[in-house]
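Remarks on the structure that follows.
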Amino acid sequence: MSSGYLNYTDGQLCLGPSKIPLARWTENYFKPVYIYDRAIVRERVRKMQKALPGVKMYYAMKANSNLEILKCLREEGCGADLVSGGEALRAMEAGFSAEQMIYSGVGKTKREIREALVANIAQINVESLPELLRIAEIAKTLGKLAKVSLRLNPDVDIQTHKYIATGLKDNKFGMELSLLPELIQVFKKFPKELELQGISLHLGSMMKELSGFQEALKKLIPVYQELKKEFVSVRCFDFGGGLGIVYENQDLEGEEKLLQQYAEIALGTLKGLGAELQCEPGRWLVAHSGVLLTEVQYLKKTSHKNFVVVDTGMHHLLRPALYSAFHKIWALKDSSAKIKADIVGPICESADFLGHDRELASVKDGDFLVIADAGAYGFSMMNTYNLQEPPLEVVV
Ligand SMILES: *Cc1c(COP(=O)(O)O)cnc(C)c1O
């Protein structure tokens with residue numbers, strides 16, 4: 001059976017174009033381990049760069065902030081899109097210069113803004129009027145010119161899980177278009193403190209139907225043009241991240257078709273603007289590059305169900321518990337005997353599951369399972385609830 005970057009070779013599950021046998025990490029195994037393949041990250045970045053020529057990519061590092069993965073993305077020519085002071089430090093550690101960073105997020109503290117301005121971060125994506133005023137005040141005391149873009153909320157639906165939609169009027173993200181006159185007044189009041197570089201949007205994650213994306217771009221074009229008339233410094237249009245992948249069964253061809261459509265919409269819709277185009281992809285670049293290897297602890301049978309209890313769970317991979325997200329689960333060793341079971345973790349919560357009613361090659365305690373497509377929003381969302389230990393990470 002073949003599906004994308006994970007395949008059985010001689011009954012052993014292997015990852016990536018060079019077919020790395022994942023069984024390698026079962027020797028000396030002592031706790032769950034995230035395994036990432038750099039070759040997959042490089043392949044994904046190159047595919048996206050090829051589809052979006054001339055667009056500057058700022059990798060949304062909250063998807064996976066592993067230092068080696070960040071270095072790999074930097075080497076491939078990406079900048080970094082960050083959402084906290086902690087991420088700024090990590091990006092610097094990975095060798096990104098402040099010139100290559102965009103700073104997003106609704107809750108930037110005074111300290112975070114001060115440090116971003118001192119470092120001369122290339123662009124702050126502002127998410128509210130009070131944030132813009134706060135940036136202006138801090139820039140004034142520092143004697144700095146803050147380079148900002150306005151993150152606008154176009155109020156469109158991208159048909160994704162409600163926890164990962166960010167471009168609807170009910171969401172905390174971005175600013176309503178009706179706020180523009182007030183924002184313009186702030187820029188006029190602080191010409192030595194604020195430079196308006198452009199506008200940005202990010203509609204949410206796991207977009208697989210792109211009409212909402214196109215509608216949002218169309219809504220924001222006249223806004224960009226109006227701001228450009230008002231301020232000569234306006235030159236950037238940041239169309240965000242959020243392109244979805246297929247978790248059910250790595251459908252790389254389908255994903256490439258979607259990427260093509262995405263690129264046609266972005267480049268086609270924005271072409272007449274003469275703007276510097278920017279984007280902020282996260283998941284699309286790294287999700288397929290990583291897996292989570294876990295050891296089976298118990299097969300637990302009830303009169304209702306089979307449970308495979310493993311040594312990882314919602315503390316290491318939160319997405320199933322948080323969004324009912326689907327991750328494909330493989331037995332490390334293939335077998336013709338199958339079982340059907342819920343794959344669950346050790347945490348004292350019924351939300352602690354990795355998959356429900358999954359059919360997979362039969363396993364017993366001491367065998368291993370592999371959770372697929374865990375390279376995005378896996379380790380980066382990890383927590384230590386129940387005082388569980390963090391998993392390991394290896395990059396190959
Ligand atoms: C999370 C995030 C992204 C990346 O989203 P993906 O779905 O991982 O591509 C981009 N921009 C902002 C502002 C974000 O918060």
Side-chain angles (χ1 to χ4, degrees), residues 41 44-45 47-49 51-52 55-66 69-70 73 78-84 86-88 91 101-108 112 116 121-128 131 148-154 158-168 171-175 198-210 212-213 216-217 220 236-247 255 258-259 262-263 266 277-290 318-319 322-323 325 373-381:
V41 177
R44 299 291 282 185
V45 182
K47 276 187 180 156
M48 194 175 257
Q49 283 167 336
L52 293 167
V55 179
K56 174 76 187 164
M57 274 166 54
Y58 293 86
Y59 166 60
M61 61 181 282
K62 71 179 192 290
N64 183 330
S65 43
N66 177 285
I69 297 291
L70 289 176
L73 286 155
C78 292
D81 175 49
L82 28 119
V83 291
S84 75
E87 286 193 350
M101 295 183 200
I102 288 184
Y103 190 1
S104 306
V106 295
K108 302 177 194 84
E112 286 174 322
I121 267 183
Q123 179 174 319
I124 300 179
N125 286 351
V126 178
E127 305 234 11
S128 66
E131 183 192 333
V148 306
S149 272
L150 300 175
R151 177 165 174 188
L152 299 172
N153 182 330
I158 58 163
Q159 294 168 25
T160 190
H161 189 279
K162 69 176 190 279
Y163 289 180
I164 53 176
T166 60
L168 285 161
N171 300 135
K172 69 179 173 180
F173 299 97
M175 294 177 281
I199 57 173
S200 76
L201 78 156
H202 172 65
L203 302 177
S205 208
M206 277 300 283
M207 275 195 293
K208 293 211 276 193
E209 197 287 312
L210 300 173
F213 176 60
L217 296 181
L220 294 191
C236 301
F237 194 114
D238 174 354
F239 58 85
L243 186 62
I245 66 153
V246 184
Y247 282 96
E255 286 179 5
L258 190 68
L259 173 65
Y262 178 72
L277 300 183
Q278 306 167 317
C279 67
E280 307 166 349
R283 185 190 313 276
W284 206 90
L285 301 181
V286 293
H288 290 321
S289 75
L318 185 59
R319 300 186 66 254
L322 188 60
Y323 317 125
D373 305 316
Y377 306 106
F379 190 91
S380 64
M381 283 184 154

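None of these values were measured; they are calculated from a predicted model. Counting convention: from 1, in listed order, for ligands and their atoms alike.
- Partners of E131 by side chain to side chain donor-acceptor pair (under 3.5 Å), not counting sequence neighbours, listed by chain and number: K108.
- Take K208 and apply the salt bridge (Lys or Arg N to Asp or Glu O under 4.0 Å) test, not counting sequence neighbours, and it matches no residue.
- Aromatic ring pairs are classed by plane angle as parallel below 30°, tilted from 30° to 60° and perpendicular above 60°; the pair Y262 and F239 is perpendicular.
- The main-chain N or O of F173 is never found under 3.5 Å from a side-chain atom of N171 such that the two would form a donor-acceptor pair.
- S104 meets the side-chain contact (heavy atoms from CB on, under 4.5 Å) test with D81, V83, I102, N125, E127, E280; sequence neighbours excluded.
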Report each N/O pair between ligand 1 and the protein that falls under 3.5 Å, naming both atoms.
{"residue": "ligand 1", "atom": "7 (O)", "partner": "S205", "partner atom": "OG", "Å": "2.3"}
{"residue": "ligand 1", "atom": "8 (O)", "partner": "R283", "partner atom": "N", "Å": "2.7"}
{"residue": "ligand 1", "atom": "8 (O)", "partner": "Y377", "partner atom": "OH", "Å": "2.5"}
{"residue": "ligand 1", "atom": "9 (O)", "partner": "G242", "partner atom": "N", "Å": "2.8"}
{"residue": "ligand 1", "atom": "9 (O)", "partner": "G282", "partner atom": "N", "Å": "2.9"}
{"residue": "ligand 1", "atom": "11 (N)", "partner": "D81", "partner atom": "OD2", "Å": "3.4"}
{"residue": "ligand 1", "atom": "11 (N)", "partner": "E280", "partner atom": "OE1", "Å": "2.6"}
{"residue": "ligand 1", "atom": "15 (O)", "partner": "K62", "partner atom": "NZ", "Å": "2.7"}

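- Counting all heavy atoms, side chain and backbone alike, S380 lies closest to K62 at OG-O, 2.7 Å.
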